[in-house]
Structures are given as C-alpha cells and as structure tokens.
K.L.:
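Here's a structure for you.
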Amino acid sequence: MQKSLNIDPEKCTGCLQCELACSYDNESVFNPAKSRIKVFSFHEKGRFVPYTCTQCDEAWCMHACPVDAITLDKATGAKIVHDNLCVGCKVCTIACPFGTVNYNADTGKVVKCDLCEGEPECAKACPTDAITYVDANWTGLDKMRAWAEKTDAGQATA
Amino acid sequence: MTYVIIGAGPAGVTAADTLRKADPSTDVVMIGSEPEPPYSRMAIPYVLTGLIKEEGTYLRKDDGHYDANAIQYRQGIVASIDPAKKTLKLEDGSEQAYSKLLIATGASPVKPPVEGLDLPAVHHCWTLEDCRNIIKYADKGADVVLMGAGFIGCIIMEALAERGVNLTVVEALDRMVPRMMNEAAGNMVKAWCETKGVNVLTSTKVTKIEASGDKQDTLKVDLDSGDQIPAHLVVVATGVKSNIGFVEGSGMKTEEGILVDEFMRSSVDDIYAAGDCAQGPDFSTGAWAVHAVQPTAVDHGRIAALNMAGKPAPYKGSLNMNVLDTVGLISASFGKWDGIKGGDHAEAIDTDNFRYMRLEFDGDKIVGALSLGRTDHIGVLRGLIQTEVPLGDWKQKLMADPHLIADAYVACSQ
C-alpha cells in the first residue's frame, strides 16, 4: 500500500519542528528557510497550515521538465529531482500550481519534497500528529488533488 | 492504425509517450528533422555554459527509450500533407501513411531584414548545430553582439555572459523582455544586467553587419544610433515563428499557427497540432494564441495524444507564462500580466534590491502577475490564476502587500 503525507492543520501548533527536521535531514542545517515543508501562520485566526508537495498524479513539474530530471519513485510515489540532470531552468517552479518546487540559487538546482525515501522526517518530528505518513487512500490529500484537477484541464473523461 | 507525429521536440515526445500508454497496440511513428536524438532547445544555454554535455539536453534519458516503447523514430523533413490520401511526402521523396496525424513541428528563428546576417560569424542559437558554432567563437573576452533582448535573447545572454565574453545586447524596443515585462520591471532587468557588466542598448537597431578585415573581430555591426561595434560573433535572437509552411495546400486553417480547437484538432479531419506551431485556446482571453513555451508544449502534446487515442480530454486553454534568469536576477510572468481594462492592480517595487511584484485583478481574482527577484512558491501564481481562486478578504491583504501570494493561496485553498 502506497503511503502519503496527511496534513491536519487543526492539530498544528506552529512549533516548526517539521521545518527544522526537513532542513537538517536534507541540507544538514537547522534553517527553516531551507525546508521543503513550510508552516503558514494565520495569526488573526490562530491557524497554522503545514504545506508541501502532494506528489500529485498530474505532476506538472515532472512533465514540464525539459531534461527528464524529475522522475517518479515507484516505491513511494514521490516525484524526485535528480541533481545530476537538473540544469536549473526553473520551468517546473512555474509549472507547479502549488508552488511547492523552489529554486535554490546556492546550488543552481530546484528543490522539492521527496518523502525522504519513504520515511519523512517532518512526520517523525511532528509532536501533535498534525503531519502523519499514512495509507494514501484516506488522506486529506484527495482534497488537494481535486483542487489540482481544476488547474489546466485536459483530464481524460473516458 | 498508425499514429504519426511530425516533430521530436517536447510536444512530439510527450505525445508519443502518451499515445503509447493510452493505446499500447498501435504503431507510433515520430519524424524528427534534425540528426540527433530528440532534445530540448531550452537546455542549449546550459551546454554553452558547460554545465551539461549535449547528451544532457536529450528529452528522455533512459537508453533506448523510443525502441523500448515501440516508438519508431525516423529522421526526415516533411514537404507536404495529402489529407485525402492520408499520406505525408518527405523531402527525400519517401511517403509515410497515417491514420491520425499530430503536427508538432515547433518554430524557427526569424531572420530580420538586415544585410550581413549570412556572414560566417553570425548565428542563431536555436539548434545543437548552432550551439556548436557559437562555442567556436564565444571565448573569454571575445567581443559578442546579441541582437534581441526578448525572452530567448535573455536566456542566451545569461549563457554568453557566463562564458566571459564582452557582451553587447541590442534591442529594438524600449525595454528588455518587452513581451513579458512592463516598463518598471524591464528597466530593473536592464539596470541589473548593466551592473553585471553587460552593455544593453535599448531602442536601438542593428542596420547592417559587414566584414571588417580584422582577424579577431571579423565583423563590424552598424547601429541606427550611428555607432559601430566590432564583433567576433553576432548572435541573432529576434523572435521565432511557427513552422507551418508545409501545410499550405492542405486546406488547413492557419493564422500565426495551426488553429486547433479544445481537443487540439485542426480544421482537417484526423490532423491535430501541438506546441509552438499550434494556435490553441488561450486561458486568459478565450481567444486563440501561440504560446511558445515548454509547459504549453507538453500540455498540448499530452492532451492532443489523449484525444487522438479516443479518450476525450477538453483543454481549458494554455496560460501564458515564463520564468527567466537574467545573469542571476530571476523573473516570472503569468497570464494577463499587463492587466485588464478596469481591473485593480497591486504593486510593490524595491528598486535598490531588485525586487518587484505586480498582481492584476479581475474583481477578487488574480488574472496576471509579474515578479522579479523572488523564487519561493512562485508557482502559486499559476494556481491562483488558473483555478480562479476567489480571494475574498485576501484581495485587500494582497493590495497592501502583493508578496503574500503563497499565504493567500494556502489560506483560500486549504
């Protein structure tokens, strides 16, 4: 059974442990600015929303890549950026309608969530279960995917 | 049943892969006009900078991709189509029959009416062959003149600057990237490029290029300002046009490109078109436009292929969008970046730090955007525009600070 990240903003306290864990695991620094998951804070409403790539089926980033540098990890369903092939053209960063592929000027490559090879550090670090890694079938990601389908169209109806 | 695709760029290759998945049993033939494996023109600047070798531009990296997927890749140039007999005639005299045809022949650089463009050290930067020619001339310190500071010109500029040439860019219009940027943003890009040592001449035309007799700078480039610049190499990037000449006589409706409907069908039965040669529905205007950019090419290719394979997939239209890196300053434009009549706009301009954000609204929805100096979450602009997110309260927040695009998107969509 393939798993995916399930995000429940109601449980998020805005502690940013996920951002620290992500940046430390991927970039070896405790720096939220380098995290692939970002917690948006809506202070007026006291609401926090962790936000990252949903590994959507449409995968605009993967299709838009002109050099085949983003591929599907069949084990996890993650869309993976291969640094050795990425030329840093940034087309994927505008093709992704969620804005979850970002360009890193220091490396000249793009960066996105890769689900940490099936053991996402953000979920491990979350103390309140706002981020969990669970069977893909019943996650709230369906909501985001449905949203995604409104972008672009070109969905086969048959 | 034989699907034939003319063109082996991103639209053609995406269509071939999609057809193969949608309809595993039929023949797929893809005809390319260049003597290379299918490659991406977008990646050529990175060959110029030395970041990748030519193989790095190939659209599919797995060895034997086309054979493994039973996609027959043949080389040749299509001379004409006979829709009554459902055959193509190639320039070498051979014929190719089709059941359904996709035209994905892309575009070619335009040669402006300037004397001297046929001299040996004058090149476009469009094919791998062009790239090899430019590498021969563009050595460190060499005097190079780039004609055109449009989107493609600017990408080439970045690569030439990185090679360390002494670069002068000549643009006929009054600002850089005039088709993706307004005056404020275009001027910021120009100022940035000048701080990076690139000479930028806007509102200036090249009137003539002539041989100089000099061994190093073999060319003299005449400008309408009366100045003359010596050059070792001239690169011409003054726009592109759709490759549709060969459809003449087929009865197919064309304007700037081949007119296609929401199913990517041309006006001729069983012939579809995709990518830079196709004039398809424009998401922002409801009219028909050629959007010669990578994301549109792959969307077109995928959607055309699904429809060809009998899986109806209507297309809502392409969103005009671009992302550009001008010697380190990153910019992006989306949709109606120049706004609509009577629409509100929000603008944040920070000239000293080369940061700019402008949003264009239709009621409480964003219809266009332009940004400079920002890379984080920039894709949400596509999401905000294309899913027509009603912003409600967030419109006022964005009017006050247009940099809050990602917050607005998350707040309104999650």
Side-chain angles (χ1 to χ4, degrees), chain A residues 7 9 33 38-42 44-45 47-51 53 58 60-69 71 82 84-105 108 110-112 140 143-144 147-158, chain B residues 10 14 22 40-43 45-46 51-52 56-62 155 262 283 293-295 298-299 302-303 306 310-319 321-325 328 330 332 334 375-388 405-407 409-411 413-414:
Chain A
I7 290 174
K38 179 174 165 60
V39 179
F40 284 86
S41 305
F42 301 104
E44 284 171 25
K45 296 192 171 166
R47 186 164 185 253
F48 301 95
V49 183
Y51 187 72
C53 173
E58 288 303 316
W60 286 278
C61 62
M62 184 169 82
H63 295 303
C65 178
V67 293
D68 219 7
T71 59
H82 300 277
N84 60 327
L85 297 176
C86 174
V87 293
C89 77
K90 311 165 200 72
V91 162
C92 56
T93 70
I94 59 165
C96 168
F98 304 111
T100 51
V101 192
N102 290 308
Y103 178 66
N104 180 347
V110 296
V111 179
K112 70 179 288 300
K143 190 176 145 197
M144 201 155 165
W147 189 260
E149 283 178 11
K150 284 163 62 183
T151 307
D152 158 271
Q155 309 299 323
T157 52
Chain B
T14 302
S40 166
R41 302 203 192 289
M42 267 198 63
Y46 306 99
L51 179 69
I52 52 172
T57 68
Y58 295 170
L59 285 161
R60 295 293 178 264
K61 294 293 194 295
D62 40 333
I155 297 176
E262 60 180 325
F283 174 84
V293 295
Q294 170 85 13
V298 295
D299 282 353
R302 181 171 55 85
I303 289 162
L306 289 171
K311 297 180 188 299
Y315 188 41
K316 274 194 202 160
S318 52
L319 183 69
M321 55 183 172
N322 273 307
V323 61
L324 186 59
D325 191 336
I330 294 158
F334 295 84
T375 54
D376 56 308
H377 300 103
I378 202 73
V380 296
L381 287 167
R382 181 185 187 182
L384 284 164
I385 295 169
Q386 229 168 346
T387 52
E388 302 179 296
I405 46 172
D407 301 77
Y409 184 72
V410 171
S413 69
Q414 300 298 299

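Letters A, B, ... mirror the listed sequences (proteins, then strands); counts begin at 1.
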K.L.:
Testing the basics here: between B:Gly56 and A:Val67, what is the closest heavy-atom pair and its distance to 0.1 Å?
P.N.:
O-CG1, 3.3 Å
K.L.:
Using non-hydrogen atoms only, which part of B:Ala332 is less than 4.5 Å away from chain A: side chain, backbone, both, or neither?
P.N.:
side chain
K.L.:
Checking B:Tyr46 against chain A: side chain, backbone, both or neither under 4.5 Å from a heavy atom?
P.N.:
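Looking at B:Tyr46, just its side chain touches chain A.
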K.L.:
Is chain B contacted by the side chain of A:Tyr103, its backbone, both, or neither, given a heavy-atom distance below 4.5 Å?
P.N.:
both
K.L.:
Heavy-atom distances under 4.5 Å only: say whether B:Leu59 touches chain A with side chain, backbone, both or neither.
P.N.:
both
K.L.:
With a 4.5 angstrom heavy-atom cut-off, could you sort out which part of B:Ile378 is near chain A: side chain, backbone, both or neither?
P.N.:
both
K.L.:
So which part of B:Ile330 gets closer than 4.5 Å to some heavy atom of chain A, the side chain, the backbone, both or neither?
P.N.:
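Just the side chain, heavy atoms under 4.5 Å.
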K.L.:
For chain B, which of A:Ala69, A:Pro66, A:Ala33, A:Ala64 has the most heavy-atom pairs under 4.5 Å?
P.N.:
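Going by pairs under 4.5 Å, I would pick A:Pro66.
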K.L.:
Taking side chain as everything from C-beta outward and backbone as N, CA, C, O, which of these in A:Cys92 sits under 4.5 Å from a heavy atom of chain B? Side chain, backbone, both or neither.
P.N.:
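For A:Cys92, no heavy atom lies under 4.5 Å from chain B.
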K.L.:
Give, as side chain, backbone, both or neither, the part of B:Met321 having an atom under 4.5 angstrom from any heavy atom of chain A.
P.N.:
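Answer is both: backbone and side chain atoms of B:Met321 are under 4.5 Å from chain A.
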K.L.:
Could you check which of A:Gly99, A:Ala95, A:Gly108 has the highest count of heavy-atom pairs closer than 4.5 Å to chain B?
P.N.:
A:Gly99
K.L.:
Which pair of non-hydrogen atoms, one from B:Lys61 and one from A:Leu85, has the smallest distance, and what is that distance?
P.N.:
CE-CD2, 3.8 Å
K.L.:
Taking every non-hydrogen pair under 4.5 Å, which of B:Leu381, B:Asp376, B:Asp407, B:Leu51 racks up the most with chain A?
P.N.:
B:Asp407
K.L.:
Measuring from atom CZ of A:Phe98 to atom NE2 of B:His377, what distance do you get when rounded to the nearest 0.5 angstrom?
P.N.:
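Going from the CZ atom of A:Phe98 to the NE2 atom of B:His377 covers 12.5 Å.
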K.L.:
Given a strict heavy-atom distance threshold of 4.5 Å, which part of B:Val298 is in contact with chain A: side chain, backbone, both, or neither?
P.N.:
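It is the side chain, since no backbone atom gets that close.
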K.L.:
Less than 4.5 Å to any heavy atom of chain A: does that hold for the side chain of B:Phe334, its backbone, both, or neither?
P.N.:
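Contact with chain A: side chain only.
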K.L.:
Is chain B contacted by the side chain of A:Cys89, its backbone, both, or neither, given a heavy-atom distance below 4.5 Å?
P.N.:
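Its backbone and side chain both get close to chain B.
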K.L.:
Which residues pass the side-chain hydrogen bond (donor to acceptor under 3.5 Å, both in side chains) test with A:Lys38, sequence neighbours left out?
P.N.:
none
K.L.:
Please round to the nearest 0.5 Å and tell me the distance separating atom CD of B:Gln386 and atom CH2 of A:Trp60.
P.N.:
8.5 Å
K.L.:
Find the one option among B:Gly328, B:Ala22, B:Pro10, B:Ala411 whose heavy-atom pairs under 4.5 Å with chain A are most numerous.
P.N.:
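Max contact count across the listed options: B:Ala411.
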K.L.:
Over all heavy atoms of both residues, which pair between B:Asn322 and A:Ile94 is shortest? Give the atoms and the distance, please.
P.N.:
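Shortest heavy-atom contact: C-CD1, 3.6 Å.
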K.L.:
So how far is it from A:Asn84 CG to B:Ile52 CD1, rounded to the nearest 0.5 Å?
P.N.:
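Those atoms lie 11.5 Å apart.
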K.L.:
Under 4.5 Å, counting heavy-atom pairs only, tell me which of B:Pro45, B:Ser40, B:Ser318 racks up the most with chain A.
P.N.:
B:Ser40
K.L.:
Could you look at B:Thr57 and say if it's the side chain, the backbone, both or neither that has a heavy atom under 4.5 Å from chain A?
P.N.:
backbone
K.L.:
I need the minimum non-hydrogen distance between A:Asp68 and B:Arg60, along with the two atoms involved.
P.N.:
OD2-CA, 3.3 Å
K.L.:
For B:Asp325, check side-chain hydrogen bond (donor to acceptor under 3.5 Å, both in side chains) against everything at least two apart and list the hits.
P.N.:
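B:Asp325 satisfies side-chain hydrogen bond (donor to acceptor under 3.5 Å, both in side chains) with A:Lys90 only.
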